[in-house]
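Written out below as structure tokens is the structure these notes cover.
Just so it is clear, the values below take in all heavy atoms, side chains as well, and ignore hydrogens, waters and symmetry mates.
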Amino acid sequence: MKDPESRTIFAGVDDAQASEEFQEWLDVQSRFHDYSYRNTLLIKQQFPEAARVAGYRTWQQEFDRHVQEGESAIWIWAPIITKQCPECENSPSYHENSDCAYDESPPEEWSEGLVGFKPAPVFDVSQTEGEPLPDLDTEATGDAGDLVGQLTAAADGLGVTVRIIPADEWSHGEAKGICEQLSLVDMQPRVEVRDRENDADLARTLIHEYAHALLHFDVDDDTERSKREVEAEAVAYVVGRYCGLDTSGSAFYLAAWESDDPEVVRERLGRISRTAAELIDVLEDPPARLIG
């Protein structure tokens with residue numbers, strides 16, 4: 001990747017971070033709780049399409065939205081935070097009925113801590129109505145020509161299985177695409193993308209998921225998730241621009257993943273550059289790649 005191109009990525013991320021639109025989005029995101037793995041599983045079991053969940057009053061007071069009549073709650077485990085005995089770690093009421101003899105300080109002077117969990121109802125944004133939440137326009141635009149066809153034709157040469165799924169059959173929530181491992185027989189990545197009218201954005205999503213297939217197929221580390229997303233979206237940004245698409249929305253995507261550290265892109269430029277070059281190569285010379 002040429003240095004001017006890399007500077008364009010950094011400038012785009014910096015501009016996105018500084019924008020009023022991005023700051024408003026960050027402000028809203030900060031008001032949604034991060035749920036534990038256990039609660040995430042509970043949410044997905046009850047409401048697989050859930051995207052953003054909050055309690056009934058939180059939707060009203062924080063977001064000026066209201067749960068629609070007849071909607072069923074999604075039940076999670078909420079922490080119980082209260083005064084806690086320094087010795088037995090129970091709440092005052094449980095401490096009083098326990099065998100704990102601690103009496104060095106009265107309950108009103110105890111520090112607060114986690115003493116247990118209780119069932120709590122939450123609702124997904126799709127179950128509410130009211131003021132719209134700010135969203136980031138990350139879609140690619142422009143004349144994609146036959147780029148989607150070229151990308152799907154290149155799948156075999158890249159060692160990837162690809163499927164474009166009709167929107168009404170899509171089962172992966174708000175995700176535009178996924179990259180997963182096939183059976184032990186194939187042992188190659190499977191890329192699936194949700195079909196849409198915007199071919200430019202469909203192509204960008206294909207490039208993003210191909211980048212995952214080429215870069216991250218054998219990586220299984222949740223702590224690397226944000227870095228993998230930065231790499232895949234940076235590849236989509238470069239290849240999309242090369243193909244004449246407006247991928248400036250990718251800057252918002254990159255900023256959302258690494259809002260305080262654009263250096264992550266610079267550290268990984270080598271991998272990004274090689275993968276972008278490989279995809280551009282297969283688009284420029286598909287017969288040679290597909291024959292091999």
Side-chain angles (χ1 to χ4, degrees), residues 21-84 90-91 93-94 112-139 163-181 190-198 201-202 205 208-209 220 222-223 225-226 229 252-253 256-257 259:
E21 179 183 0
F22 187 68
Q23 294 306 313
E24 182 181 3
W25 182 83
L26 280 181
D27 176 61
V28 168
Q29 292 302 110
S30 70
R31 285 181 270 160
F32 284 102
H33 294 291
D34 284 331
Y35 289 103
S36 67
Y37 181 67
R38 177 175 61 175
N39 276 334
T40 299
L41 287 177
L42 286 173
I43 292 168
K44 292 303 180 184
Q45 287 173 352
Q46 298 170 74
F47 202 116
E49 298 81 21
R52 298 172 179 172
V53 300
Y56 189 94
R57 293 192 181 279
T58 300
W59 279 120
Q60 288 182 327
Q61 297 170 2
E62 294 284 331
F63 304 105
D64 199 14
R65 295 182 66 86
H66 304 271
V67 176
Q68 300 177 73
E69 186 176 352
E71 293 289 349
S72 298
I74 304 166
W75 289 91
I76 64 171
W77 289 106
I80 301 173
I81 307 295
T82 188
K83 297 289 186 178
Q84 190 175 37
N90 283 319
S91 65
S93 58
Y94 278 89
E112 290 190 341
L114 174 67
V115 297
F117 294 87
K118 63 181 179 181
V122 294
F123 298 86
D124 182 58
V125 62
S126 63
Q127 299 175 285
T128 68
E129 57 186 4
E131 289 298 313
L133 300 178
D135 203 1
L136 297 178
D137 184 11
T138 60
E139 285 196 355
R163 291 181 62 206
I164 298 177
I165 310 296
D168 59 356
E169 298 177 17
W170 186 250
S171 59
H172 301 286
E174 290 191 340
K176 292 183 176 182
I178 62 164
C179 177
E180 296 182 336
Q181 183 172 307
R190 179 186 69 221
V191 163
E192 294 184 356
V193 297
R194 173 168 46 85
D195 199 6
R196 69 209 74 154
E197 292 184 5
N198 183 349
D201 196 58
L202 180 57
T205 302
H208 178 105
E209 299 305 332
D220 185 20
D222 284 343
T223 63
R225 185 183 178 204
S226 64
E229 288 299 323
F252 278 120
Y253 193 108
W257 279 102
S259 60

Margin query: How about CD on Glu112, more than 12 heavy atoms from neighbouring residues, nucleotides or ligands closer than 6.0 Å, or not?
Written below: yes
Check: Are the side chain of Gln127 and the backbone of Ser72 linked by a donor-acceptor contact shorter than 3.5 Å?
Finding: yes
Check: Looking at Phe32 and Val53, what are the two nearest heavy atoms and their distance?
Finding: CD2-O, 3.6 Å
Next item on the list: First locate atom CG of Asp201, then atom CZ of Arg196, and finally report the distance between them rounded to the nearest 0.5 Å.
Entry: 5.0 Å
Next item on the list: Could you tell me the separation between the CD1 atom of Ile80 and the CG atom of Leu114, rounded to the nearest 0.5 Å?
Entry: 8.0 Å
Next item on the list: Supply the atom-to-atom distance Tyr56 OH to Phe123 CZ, rounded to the nearest 0.5 angstrom.
Entry: 7.5 Å
Check: To the nearest 0.5 Å, how far apart are CD in Glu209 and NZ in Lys176?
Finding: 11.0 Å
Next item on the list: Taking Gln46 for its side chain and Trp75 for its backbone only, find out whether a donor-acceptor pair lies under 3.5 Å.
Entry: yes
Next item on the list: Rounded to the nearest 0.5 Å, what's the gap from CG on Asp64 to CG on Leu133? Could you check?
Entry: 10.5 Å
Note to self: If I compare all heavy atoms of Arg65 with all of Val125, which pair ends up nearest, and what's the gap?
What the structure shows: NH2-O, 3.8 Å
Note to self: Looking at every heavy atom in both Pro166 and Asp195, which two are closest together, and how far apart are they?
What the structure shows: CA-CB, 4.1 Å
Check: For the residue pair Glu21 and Leu136, what are the closest heavy atoms and their distance?
Finding: OE2-CA, 3.8 Å
Next item on the list: Just do the side-chain contact (heavy atoms from CB on, under 4.5 Å) check on Phe117 and Arg38 with the steps written out, would you?
Entry: CA-CA 12 Å; Phe117 294 87; Arg38 177 175 61 175; 3.8 Å; yes
Notebook entry, point to check: Does Thr128 offer a backbone N or O that forms a donor-acceptor pair with the side chain of Trp59 under 3.5 Å?
Noted result: no
Item checked: CD-NE2 distance between Glu71 and His66, expressed to the nearest 0.5 angstrom -> 14.5 Å
Check: Could you go step by step and tell me if Tyr35 and Val122 meet the side-chain contact (heavy atoms from CB on, under 4.5 Å) rule?
Finding: CA-CA 12 Å; Tyr35 289 103; Val122 294; 3.9 Å; yes
Margin query: I'd like to know if the side chain of Asp124 reaches the main chain of Ala51, judged simply by a donor and an acceptor atom lying under 3.5 Å from each other, with no hydrogens or angles considered.
Written below: yes
Check: Quick one: does Arg194's side chain have a donor or acceptor within less than 3.5 Å of a partner on Ala167's backbone?
Finding: no
Margin query: Using a 3.5 Å distance criterion without hydrogens, assess whether the side chain of Trp170 forms a donor-acceptor pair with backbone atoms of Ala175.
Written below: yes
